[in-house]
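Data block below; observations after.
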Amino acid sequence: MKLFLDTADINEIAELNETGLVDGITTNPSLIAKSGRNILETIKKICEIVSGPVSAEVTATDYAGMIKEGKRLAEIASNVTVKIPLTKDGLKACSALSKSKISVNVTLCFSTAQALLAAKAGASFISPFIGRLDDIGSNGMNLISEIVEVYSNYSFSTEILVASVRGVQHVVDAALLGADVATVPPNIMLKMYKHPLTDKGLEDFLTDWKSTGQSIL
Ligand code: E4P
């Protein structure tokens, strides 16, 4: 399973990229606004740090505008994936950009029917937002399960990118279902390392080791 970071914070990206575990980045207009930086400069800088796919979202809502913005974003670097909302115009733009070999991540997916259309439109990634479904009392993980089944039935190559992740358990559940990617905020990636028994076990080993008076080097 690939792990993407869901942030436009260049410092956090640079730091976590050092772990060697970051396979890509997702951004959206809210994350760009939060960064306080220019979108084109920010995406360029992120693409210099991370070699995997970097999603940059269009803000036009009409077909022609999405194509223009998508092409501009794709020019920034070869690893840019153009993020397009799941609307009628959006999927039309997804088809056209994908045909011209531009990678597209279709975002704001909340149903299996939408995910089916995105795959047929040639999307490289589909982003179902599980946390936002959970927020309204629905079950986001059921959506992932259905998309995994439908994509497998027809061998679609569109990768399932689990988005709107709210905690470590979401990542584990997505992995159990065989999702291709989870995009996680940096704080959730850091939480994935943690287990209280790891901390306690290490503390005990080091206490016992100290009592031996030995040193490895
Ligand atoms: C990523 O592609 C999405 O834009 C992001 O995961 C949305 O997360 P949120 O629901 O926490 O804003």
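Please read these numbers as outputs of a predicted model, since none were measured by experiment. Remember, it's 1-based here, ligands and their atoms both numbered in the order they're listed.
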**Message:** Return the closest protein heavy atom for atom 3 (C) of ligand 1 as residue, atom name and distance.
**Reply:** Phe129 CZ, 3.4 Å
**Asked** Short N/O distance, under 3.5 Å, between Arg132 and ligand 1?
**Response** yes
**Prompt:** Identify the closest protein heavy atom to atom 4 (O) of ligand 1: which residue and atom is it, and at what distance?
**Reply:** Asn28 ND2, 2.7 Å
**Message:** Quick test: of every protein heavy atom, which one is nearest to atom 8 (O) of ligand 1, and how far off is it to 0.1 Å?
**Reply:** Ser164 CA, 3.4 Å
**Message:** Test of understanding: clusters of I, L, V, M, F, W, Y form through side-chain heavy atoms closer than 4.5 Å, transitively. Do Leu97 and Leu40 belong to the same one?
**Reply:** yes
**Message:** Looking only at protein heavy atoms, which one is nearest to atom 5 (C) of ligand 1, and what is the separation?
**Reply:** Asp6 OD2, 3.0 Å
**Message:** With a 6.0 Å cut-off (strictly less than), is the heavy-atom count around CD of Glu149, excluding the residue itself, greater than 12?
**Reply:** no
**Request:** Give a yes or no on whether Tyr193 atom OH has more than 12 heavy-atom contacts from other residues, nucleotides or ligands under 6.0 Å away.
**Result:** yes
**Message:** Against Val184, only a single residue in Leu190, Asp6, Val171, Val22 fulfils side chain to side chain contact (heavy atoms under 4.5 Å, CB included); can you say which?
**Reply:** Val171
**Message:** Check Lys71 with Glu75, please: is the shortest side-chain N to carboxylate O separation under 4.0 Å?
**Reply:** no
**Asked** N/O of Thr107 under 3.5 Å from N/O of ligand 1, yes or no?
**Response** no
**Request:** For atom 11 (O) of ligand 1, find the nearest protein heavy atom and state the residue, atom name and distance (0.1 Å precision).
**Result:** Arg166 NH1, 2.7 Å
**Prompt:** Looking at Lys83, which atoms of ligand 1 are within less than 4.0 Å of one of its heavy atoms?
**Reply:** 1 (C), 2 (O), 3 (C), 4 (O)
**Message:** Hydrophobic cluster membership, with links at side-chain heavy-atom distances under 4.5 Å among I/L/V/M/F/W/Y: are Leu31 and Phe129 in one?
**Reply:** no
